[in-house]
Novice: 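Sharing a structure below in structure tokens format, with a few things to ask.
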Amino acid sequence: MDKIIMTTPLVEMDGDEMTRVLWQMIKDELLSPFIDLKCEYYDLGLKNRNDTDDQVTIDSANATLKYGVAVKCATITPNAARVEEYNLKKMYKSPNGTIRAILNGTVFRTPIIVKGITPCVKNWKEPITIARHAYGDVYQNVEAKLAKGSKAELVITKPDGTKDVKVIHDFDKGAGIVQTMHNMNESVESFARSCFNYALDQKKDLWFGAKDTISKQYDHTFKDIFNDVFESDYKEKFAAENIEYFYSLIDDIVARIMKSKGGMIWACKNYDGDVMSDMISSAFGSLAMMTSVLVSPTGVYEYEAAHGTVQRHYYKHLKGEETSTNSVATIFAWTGALRKRGELDNIPDLIKFANKLELATKQTIEEGKMTKDLALITALTETVTLNSHDFIVAIRKNLENLI
Ligand code: NAP
Ligand code: MG
């Protein structure tokens, strides 16, 4: 078979640790033999981010705006331990945070369902898609440690130059900490629109929760903007599709989700989405079975796995020990990006290839060939636990049968 030809470059963002190892295996075994890969490569590995003072992250996000589609490998968000481990010039921000701030999009995460892996919440019958607001809040916070005797104040300089000062806390009795955050009405509105559009596209109900009773200005604004956008532009469209928009307090939403059948899109504020997507993905099976796509209001797409760099497995790999790391979400990041590139560039063979690779991946697991994380939870009785590389090779065999 001739290799599939691509016309527009796909923005490729390489990453760190075990996922970087999987990345190369996926390219070598599952992509390069079948596609004449046309990628604009950005190395977001921590060493190169440090060498470029993190400019590479900004460049990769701008390239995504230019070409429209990116695929990203998991990356390390440095903490104090990483600064030491990699001898970093500084504690760089989360690359995902930087990219999300530039694309101003919404992240949709949906579990990959395969036969034999049943959700541990027994009433969940359909996937729950998490829509994570990808701008602001704690991810662009300003925070400080304060010594005893300090006073923290919020100063707002109004358009006319006058100042409004609110005391946050007087630390006269002891040292403490302070944190401020912000959001933009425009960003919340485009988040709301992305969610309503995606709900219409998927014909699924949309749920949204915030803490508007406690946070009467901040969270209440989220609630109001969602409500206004829904009432003015989406109410009739939702009625026509027989789907629902449902708002409630975040704690009520969490309780209802646990008792639901699933099948809804759950819009979450930035932090809620970060945390809840890990809960949803592990409850549906494994962190490694969660797809993730960042969709900007202008229709730019960045695909990635929802999990991190799987550091613990990487250290085993470095010691020469065998690993059984699940590559499914990273494979689906590639298939998502290649399918979207195929749609935008009108390359049916690329779309078909992406579908076949997803099918081959699911088939492999359903035949009982899987990585350790899935072998531990599967309902299938006859299973073979494969190492990281052999699992990818098993997928390739199924893929070759489909092509
Ligand atoms: P993690 O990489 O998601 O891994 C946490 C644990 O989940 C692993 O130790 C492993 O459990 C299991 N796991 C996750 N993905 C797996 C896979 N593909 N196959 C098998 N098991 C998997 O999270 P972390 O260890 O907290 O974070 C490591 C690094 O990733 C950090 O530096 C963090 O900054 C970064 N991170 C990046 C992203 C991103 O780029 N999108 C997201 C989150 C975290 P067992 O050890 O029990 O096998
Ligand atoms: Mg998270």
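As the structure lists them, so they are numbered: ligands from 1, and atoms in each ligand from 1.
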Novice: With atoms numbered from 1 as shown, which atoms in ligand 1 lie under 4.0 angstrom from a non-hydrogen atom of Ala74?
Specialist: 40 (O)
Novice: Do any nitrogen or oxygen atoms of Ser324 lie less than 3.5 angstrom from nitrogen or oxygen atoms of ligand 1?
Specialist: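 No, no N or O pair falls under 3.5 Å.
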Novice: So for ligand 1, is Ala306 a polar contact partner (N or O within less than 3.5 Å, distance only)?
Specialist: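 Between Ala306 and ligand 1 (N or O atoms, distance only) the closest approach is not under 3.5 Å.
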Novice: Show which atoms of ligand 1 fall inside a sub-4.0 Å distance from at least one heavy-atom site of Lys72.
Specialist: 40 (O)
Novice: Between Thr309, Leu22, Thr75, flag the one that comes closest to atom 29 (C) of ligand 1 by a heavy atom.
Specialist: Thr309
Novice: Mind checking whether Thr77 has an N or O less than 3.5 Å away from an N or O of ligand 1?
Specialist: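 Yes, Thr77 has an N/O under 3.5 Å of an N/O on ligand 1.
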Novice: Compare Val310, Val107, Asp16 and give the one whose heavy atom is closest to atom 2 (O) of ligand 1.
Specialist: Val310
Novice: Would you check if Met13 and Thr57 make a side-chain contact, meaning some heavy-atom pair closer than 4.5 Å?
Specialist: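 The answer is no, as the side chains (C-beta and beyond) never meet within the 4.5 Å cut-off.
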Novice: Distance under 6.0 Å and angle within 45° of the ring axis: does Lys237 meet both against Tyr234?
Specialist: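 Yes - Lys237 lies over the ring of Tyr234, closer than 6.0 Å to its centre and within 45° of its axis.
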Novice: May I ask you to test the Ile243-Leu200 pair for a side-chain heavy-atom distance under 4.5 Å?
Specialist: yes
Novice: Distance to the ring centre below 6.0 angstrom and angle to the axis at most 45 degrees; does that hold for Arg256 and Tyr247?
Specialist: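 No, Arg256 and Tyr247 do not form such a contact.
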Novice: If we only count N/O pairs under 3.5 Å, is Glu17 in contact with ligand 1?
Specialist: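 No, Glu17 has no N/O under 3.5 Å of an N/O on ligand 1.
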Novice: Would you say the side chain of Leu344 lies within less than 4.5 Å of the side chain of Thr8, judging by non-hydrogen atoms?
Specialist: no
Novice: Between ligand 1 and His313, can you find any atom pair, the residue atom being a heavy atom, that is separated by under 4.0 Å?
Specialist: yes
Novice: Is it the side chain (CB and beyond), the backbone, both or neither of Asn96 that lies under 4.0 Å from ligand 1, heavy atoms counted?
Specialist: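 It is the side chain that gets close, since no backbone atom is under 4.0 Å.
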Novice: Does NZ belonging to Lys27 count more than 12 external heavy atoms closer than 6.0 Å?
Specialist: yes
Novice: Heavy-atom contacts with Gly308 under 4.0 Å: which atoms of ligand 1 show up? List them by number with element.
Specialist: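 Counting atoms of ligand 1 from 1, those under 4.0 Å from Gly308 are 1 (P), 2 (O), 3 (O), 30 (O), 36 (N), 37 (C), 38 (C), 42 (C), 43 (C), 44 (C).
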Novice: So among Phe208, Trp207, Trp266, Phe196, which one has a ring pair (Phe, Tyr, Trp, His ring centres under 6.0 Å) with Tyr245?
Specialist: Phe196
Novice: Measure His307 to ligand 1 on non-hydrogen atoms and call it side chain, backbone, both or neither using the 4.0 Å cut-off.
Specialist: both
Novice: Using a strict 4.0 Å cut-off to heavy atoms of Thr325, name the atoms of ligand 1 that fall inside it.
Specialist: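 Selected atoms, number and element: 17 (C), 18 (N), 19 (N).
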Novice: Below 6.0 angstrom between ring centroids: does that apply to Tyr135 and Phe191?
Specialist: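 Aromatic pair excluded; centres sit 6.0 Å or further apart.
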Novice: Would Glu304 count as a polar contact of ligand 1, with the cut-off being nitrogen or oxygen pairs under 3.5 Å?
Specialist: yes
Novice: Would Lys340 count as a cation-pi partner of Tyr301, with NZ or CZ less than 6.0 Å from the six-membered ring centre and within 45° of the ring normal?
Specialist: yes
